[in-house]
Amino acid sequence: MKNFLAIRDFSTEELNELLDLSIRLKKLYKSGGRDVCLGGKVLAMLFEKTSLRTRISFQVAMTDLGGTAIYLKPEDIGIIGKREPAKDMARVFSRYVDGIMARTFLHETLVELARWAMVPVINALSDWSHPCQVMADLMTILEHFGRLEGLTLAYVGDGNNVARSLAYGCAKFGLKYRIATPEEYALDQDTIRQANTIRPDTVYQTKEPADAVKNADVVYTDTWVSMGQESEKEKRIADFQGFQVNSQLLAGAPAHVKIMHCLPAYRGFEITDEVAEADSCIIFDQAENRLHFQRALLKTLLSGSSSL
Ligand code: CP
Ligand code: NVA
């Protein structure tokens with residue numbers, strides 16, 4: 001494992017090892033222990049877009065493991081490749097640091113960085129995917145249900161980067177994925193085909209939120225307006241009417257259902273305040289697990305070892 005760009009690039013066994021290490025490191029740190037396996041190592045964090053969770057959890061994870069992180073904000077680097085080509089940036093960073101994590105608009109920028117970097121490159125969200133988020137989400141589901149295989153995850157909203165990573169995550173771990181979107185915002189056929197090739201019958205796509213959630217163990221949603229889509233905001237809000245996760249929709253889901261959202265949440269749009277504040281809502285467990293998963297990821301990629 002050199003880079004971490006997409007869930008689909010890894011076997012279930014490799015992904016399971018990462019989840020297992022995340023859980024072991026979480027226990028270790030909660031009980032006051034430390035694993036300073038990255039002493040002296042430096043991570044460069046490149047952001048073309050803003051961030052709260054990803055930035056802070058990666059920075060804390062590096063510090064926890066004995067290393068340091070350098071934050072390059074959108075104003076510092078702008079769009080990667082604009083001032084100088086991504087292939088040059090990748091080789092310059094490789095002379096200074098031990099790992100690069102990047103949040104980009106184009107997924108191809110990450111691929112190009114990874115192609116030229118001599119050090120690991122981590123996807124901290126692109127327009128195409130958000131794999132670190134979904135690995136933390138799977139860890140959260142595992143903690144709440146005690147298993148992943150055989151569960152049903154319903155996603156209601158935009159067929160976006162998070163929805164796409166969820167499709168691959170569900171396929172790799174044996175969850176059924178029922179996604180409801182307006183037609184214009186459907187998850188692309190390529191992703192559905194690939195997820196169903198990894199595991200047949202993983203993805204079921206519908207235009208009816210009620211159809212998606214009826215047998216769900218988890219109902220997941222994300223913003224209707226992702227970073228970079230701000231100019232489409234009004235149209236999107238109009239187009240997504242009927243796709244809100246609210247108590248009326250959840251009345252048609254099983255009583256044990258858990259609610260998830262990668263955050264930031266826009267209350268009154270894709271989710272109501274009432275649902276976001278309900279006991280069944282596990283959004284802050286998800287946010288916390290970003291830290292635990294990324295500790296495991298950084299340890300694996302930058303120290304080359306998963307032993308504790
Ligand atoms: N969920 C997530 O990635 O949050 P940030 O955009 O705040 O990093
Ligand atoms: N889909 C959202 C996720 C934010 C974490 C976006 O890309 O803005």
Side-chain angles (χ1 to χ4, degrees), residues 4-7 22 43 45-62 69 71-74 77 79-80 101-110 122-141 153 155-169 179-182 184-188 191 218 220-233 236-237 239-240 243-245 259-267 269-271 276 281-295 297-298:
F4 191 75
L5 299 188
I7 288 175
S22 309
L43 177 75
M45 307 195 297
L46 282 54
F47 283 87
E48 290 184 346
K49 306 176 181 182
T50 53
S51 169
L52 188 163
R53 280 145 291 274
T54 306
R55 181 222 166 151
I56 304 298
S57 55
F58 265 103
Q59 181 138 11
V60 171
M62 271 311 280
Y71 171 58
L72 290 140
K73 52 184 185 295
I77 59 157
I79 303 293
I80 296 169
M101 71 85 108
R103 168 167 286 193
T104 62
F105 286 96
L106 297 176
H107 189 74
E108 293 67 33
T109 305
L110 287 168
I122 297 170
N123 177 355
L125 181 147
S126 69
D127 286 348
W128 187 76
S129 67
H130 198 2
C132 292
Q133 176 68 51
V134 166
M135 288 302 289
D137 296 339
L138 290 163
M139 177 181 172
T140 309
I141 297 170
L153 190 153
Y155 179 96
V156 177
D158 187 14
N160 62 14
N161 45 8
V162 172
R164 186 170 296 105
S165 289
L166 282 167
Y168 290 113
I179 174 167
T181 73
E184 199 183 328
Y185 302 94
L187 190 60
D188 62 286
T191 297
V218 173
Y220 198 119
T221 189
D222 182 19
T223 183
W224 295 336
V225 188
S226 284
M227 291 179 276
Q229 298 171 337
E230 292 77 6
S231 65
E232 301 168 24
K233 187 173 172 185
R236 284 176 163 266
I237 289 171
D239 291 347
F240 280 98
F243 286 80
Q244 184 184 65
V245 174
I259 311 305
M260 298 180 76
H261 191 310
C262 59
L263 302 177
Y266 298 90
R267 293 155 194 240
F269 294 96
E270 76 275 6
I271 193 166
C281 188
I282 55 174
I283 50 182
F284 299 110
D285 294 341
Q286 289 175 259
E288 179 183 333
N289 281 338
R290 294 293 305 277
L291 169 63
H292 304 303
F293 168 70
Q294 286 153 199
R295 262 202 224 107
L297 181 66
L298 289 166

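Counting starts at 1 for both ligands and their atoms, following the listed order. Numbering starts at 1 and runs along the sequence shown.
With respect to Thr54, the side chain to side chain donor-acceptor pair (under 3.5 Å) criterion is satisfied by exactly one of Gln59, Arg290, Gln133, Lys49: Arg290. For the pairing with Asp137, the side chain to side chain donor-acceptor pair (under 3.5 Å) check across Gln286, His130, His261 returns one residue only, Gln286. Screening Asn160, Asn123, Thr191 for a side chain to side chain donor-acceptor pair (under 3.5 Å) involving Ser129 leaves a single residue, Asn123.
Ring geometry, Trp224 versus Phe269: the interplanar angle exceeds 60°, so the pair is classed perpendicular (tilted spans 30 to 60°).
Taking 4.0 Å as the cut-off, Leu263 counts as a neighbour of ligand 2 on heavy-atom distance.
Distance from atom 7 (O) of ligand 2 to its nearest protein heavy atom, with residue and atom name: Asn161 ND2, 2.8 Å. Regarding atom 3 (C) of ligand 2, its nearest protein heavy-atom neighbour is Asp222 OD2, 3.6 Å. The protein non-hydrogen atom at the shortest distance from atom 6 (C) of ligand 2 is Ser226 OG, 3.2 Å. Nearest to atom 3 (O) of ligand 1 among the protein's heavy atoms is His130 NE2, 2.8 Å.
Listed by number with element, the atoms of ligand 2 under 4.0 Å from a non-hydrogen atom of Leu125 are 3 (C), 4 (C), 5 (C), 7 (O). Of all the atoms in ligand 1, the ones that sit under 4.0 Å from a non-hydrogen atom of Thr54 are 2 (C), 3 (O), 5 (P), 8 (O). Atoms of ligand 1 lying under 4.0 Å from any heavy atom of Leu52, numbered from 1 in the order shown and given with element: 5 (P), 7 (O), 8 (O). With ligand atoms numbered from 1 in the order given, ligand 1 contributes 1 (N), 2 (C), 3 (O) to contacts under 4.0 Å with heavy atoms of Arg290.
Here the side chains of Val218 and Ile282 are not in contact, with every heavy-atom distance at 4.5 Å or above. No side-chain heavy atom of Gln294 sits under 4.5 Å from any side-chain heavy atom of Val60. Residues Trp128 and Leu110 have side chains not in contact (no heavy-atom distance under 4.5 Å, counting atoms from C-beta outward). Considering only heavy atoms from C-beta on, Arg55 comes within 4.5 Å of Tyr71 through its side chain.
Between Lys49 and ligand 2, not a single N/O pair is under 3.5 Å apart. Inclusion of Met227 in the set of residues having an N or O under 3.5 Å from an N or O of ligand 2 is warranted. By the 3.5 Å distance cut-off applied to N or O atoms, Arg53 is counted among the residues near ligand 1. Residue His130 has no N or O atom closer than 3.5 Å to an N or O atom of ligand 2. Geometrically, ligand 2 and Thr223 share no nitrogen or oxygen pair separated by less than 3.5 Å.
Listed for the Arg103 side chain is a donor-acceptor partner under 3.5 Å among the backbone atoms of Ala124. Between the side chain of Glu232 and the backbone N or O of Gln229 there is no donor-acceptor pair closer than 3.5 Å.
With distances taken over non-hydrogen atoms, the option nearest atom 8 (O) of ligand 1 out of Ser51, Ala136, Cys262 is Ser51.
Not less than 6.0 angstrom separates the ring centroid of Phe243 from the ring centroid of Tyr185.
With a 4.0 Å heavy-atom cut-off, ligand 1 is reached by the side chain of Arg103 but not by its N, CA, C or O. Contacts between Leu263 and ligand 1 below 4.0 angstrom, taking non-hydrogen atoms only, involve the backbone exclusively. Of all the heavy atoms of Gln133, the ones lying under 4.0 Å from any atom of ligand 1 belong exclusively to the side chain.
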